[in-house]
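A short write-up of the structure that comes next.
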Amino acid sequence: MVAHIWYPALEPQEDLPASLSSNIIEGILRGEMGYDGLIMTDALDMDAIDTAYSYSEAVVRAIKAGVDLVIAAHISPQSQIQAIQAVVKAVEEGRIPEDRINQSVQRILAAKARYHILDWMPVASNQSTSDIKLDQHERLVNDLFEAGITVALDSQHFIPLSTDKSIAVVYPASQPRIMRECSGYDPAIHWVGVSQSPQDEEISWAKDAAIRADIVIVFTQNAEDDPRQQTLVNSLPSEKTVAVALWSPYDWTVYPQVAGYVVTYSPLPFALPAVCKVLFGKLPARGKLSIAIPGFPS
C-alpha cells in the first residue's frame, strides 16, 4: 500500500504524493527494489487527495503511475462508475498505455489464482454465517483491539483504576457505549457527557466533577484539531487526569500535562470494551505507541 506522502527527495513535482508518483512506484518500488507484487493506494477519498483532485482524476493518475488496485472508503456507486469510465477514456486517448492495464490484470489474476479465488462459488444464503466464519472474524477483531490498547503514560500509577477511589469520567455523549461498557466495573463512577466540541457550560460540568473526584478519565477524539476539546482537557486538574485518545495518538501534544495517556487508535465500537477492560485491570495493556510523538516522555 502506497501512502499519500510527498517525498521531495524522490518526487520533484511539488506536493505529488507517493500514491500518484510513477517515480516512486515504477522507478523505486518496481525498478530499484524489484517488487512485482500487487500495489494498492491508500483511500483515494482522503483529504491528502480529494482536496487536490477529483476521485476520477486521482484514479487515473494512480493507475498511470503503476498502481494495480485503487482503494476508496466512502465513494458512491455513481462516482465509482465515473472513475471506471475515466480510466477507459484515458486508455482510449493514450494517457494510460494499454500495456499498463494488462500488467495489473496479470498481477491481479495471478494473485486470485494463488488464493483459489478464481474457483469461487456463491455462498448459500442459508449457511453464509458459518461459511464466512463470522464468529471467528469477530473474535479476531476483538483480540486485535484488545492487543492494541496502549497505556503510553501513567505517571501516577492510576491504571488499573481502583474502585476505592472516586472516579469521574468525561466522555463524548455521542459515544454512549463508553458508559455502558465501563460502568459495569464501577457503578459509582460520576459520568459527564459532553459534546464533541464541548461548550463552556459543558466544560464547567466537567471541572465540577473533577474537583470532587480522586481520578478523572477524559476521552478525546482528534483533539489536536479541536480547540474546544483542548480547552476541556486543559481545564481539568492535570495531576489526576488520565486522557484516553479514541483516534489520533497525537492528541497528547495539545494536553501534555496530563498524568496519564491511553491510546485506542480507533473510535470503532470494538475499541470501547477493550479500553474499559484495560482501564479497570481486566486485561493487561499490551499495546505499544505506533509512532514517535515529539516531546513525549521516554
Review point. What's the verdict on side-chain hydrogen bond (donor to acceptor under 3.5 Å, both in side chains) for Gln103 and Asp99, showing C-alpha distance, side-chain angles and the deciding distance?
Key: CA-CA 6 Å; Gln103 292 168 9; Asp99 187 55; 2.9 Å; yes
Do any N or O atoms from the side chain of [X] and from the backbone of [Y] form a donor-acceptor pair under 3.5 angstrom?
| X | Y | value |
| --- | --- | --- |
| Asn222 | Ser248 | yes |
| Ser183 | Met179 | yes |
| Arg177 | Leu272 | no |
| Asp251 | Ala223 | yes |

Evaluate the side-chain proximity of [Y] to [X]: yes if any heavy-atom separation is below 4.5 Å, no if none is.
| X | Y | answer |
| --- | --- | --- |
| Pro249 | Trp247 | no |
| Val67 | Ser19 | no |
| Lys207 | Glu202 | no |
| Leu232 | Val170 | yes |
| Val2 | Met40 | no |
| Tyr171 | Val192 | no |
| Val87 | Ser56 | no |
| Ser104 | Ile63 | no |

Between [Y] and [X], is there a salt bridge with N-O shorter than 4.0 Å?
| X | Y | value |
| --- | --- | --- |
| Arg228 | Asp200 | yes |
| Glu57 | Arg95 | yes |
| Lys240 | Asp214 | no |
| Asp143 | Arg286 | no |
| Arg30 | Asp68 | yes |

Ignoring hydrogens and geometry beyond distance, is a side-chain donor-acceptor pair present between [X] and [Y] at under 3.5 Å?
| X | Y | value |
| --- | --- | --- |
| Glu224 | Thr253 | no |
| Tyr265 | Thr150 | yes |
| Ser197 | Asp226 | yes |

Once you round to the nearest 0.5 Å, how far does [atom1] of [X] lie from [atom2] of [Y]?
| X | Y | atom1 | atom2 | value |
| --- | --- | --- | --- | --- |
| Glu14 | Leu16 | CD | CG | 10.5 Å |
| Gln175 | Ile178 | CD | CD1 | 5.0 Å |
| Leu10 | Asn23 | CG | CG | 8.5 Å |
| Ile149 | Leu283 | CD1 | CG | 9.0 Å |
| Ser22 | Ile28 | OG | CD1 | 10.5 Å |
| Ile203 | Gln199 | CD1 | CD | 7.5 Å |

Check your understanding: Of all residues at least two apart in sequence or in a different chain, which pass the side-chain hydrogen bond (donor to acceptor under 3.5 Å, both in side chains) check with Asp42?
Key -> none
Point to revise | For Ser21, all residues meeting side-chain hydrogen bond (donor to acceptor under 3.5 Å, both in side chains), sequence neighbours excluded | key: Glu11
Non-hydrogen atoms of [X] and [Y] that approach each other most closely:
| X | Y | result |
| --- | --- | --- |
| Ala292 | Tyr250 | O-CE2, 4.2 Å |
| Ala58 | Leu20 | O-CD2, 3.6 Å |
| Asn234 | Val254 | ND2-O, 3.0 Å |
| Val91 | Ile101 | CG2-CG1, 3.8 Å |
| Thr264 | Ala271 | CB-CB, 4.1 Å |
| Leu118 | Leu109 | CD1-O, 4.0 Å |

Path from [X] to [Y] over hydrophobic side-chain contacts below 4.5 Å:
| X | Y | result |
| --- | --- | --- |
| Ile291 | Val258 | yes |
| Leu246 | Trp191 | yes |
| Leu236 | Val244 | no |
| Val262 | Ile215 | yes |
| Ile24 | Ile49 | yes |

**Study point:** Phe158: which of Thr241, Val151, Val242 passes side chain to side chain contact (heavy atoms under 4.5 Å, CB included)
**Key:** Val242
Check your understanding: So with a 6.0 Å cut-off around CD of Gln156, is the heavy-atom count from everything else above 12?
Key -> yes
Review point. Near Glu98 CD, under 6.0 Å, is it more than 12 heavy atoms from other residues, nucleotides or ligands?
Key: no
Exercise for review: Determine, stepwise, if the pair Glu138 / Phe270 fulfils side chain to side chain contact (heavy atoms under 4.5 Å, CB included).
Suggested key: CA-CA 9 Å; Glu138 185 167 344; Phe270 289 100; 4.0 Å; yes
Exercise for review: Quick one: which residue pairs count as a ring-ring contact (aromatic ring centres under 6.0 Å, His included) with a foot in residues 3-57, not counting sequence neighbours?
Suggested key: none
Check your understanding: Given the rule in the side chain to side chain contact (heavy atoms under 4.5 Å, CB included) test, do Ile159 and Leu279 qualify, once you have shown the distances and angles that lead to the verdict?
Key -> CA-CA 6 Å; Ile159 301 171; Leu279 287 173; 4.1 Å; yes
Practice item. Please lay out, stage by stage, how Gln229 and Thr220 fare under the test side-chain hydrogen bond (donor to acceptor under 3.5 Å, both in side chains). Key: CA-CA 7 Å; Gln229 289 189 54; Thr220 64; 4.5 Å; no
Check your understanding: Please walk me through it: do Leu44 and Val70 pass side chain to side chain contact (heavy atoms under 4.5 Å, CB included)?
Key -> CA-CA 7 Å; Leu44 289 181; Val70 295; 3.9 Å; yes
Review point. Does the ring centre of Tyr185 sit less than 6.0 Å away from the ring centre of Phe280?
Key: yes
Point to revise | Derivation of the side chain to side chain contact (heavy atoms under 4.5 Å, CB included) call for Thr41 and Leu69 | key: CA-CA 7 Å; Thr41 66; Leu69 300 168; over 6 Å; no
Point to revise | Aromatic ring pairing Tyr261/Phe296, orientation class (parallel under 30°, perpendicular over 60°, tilted between) | key: tilted
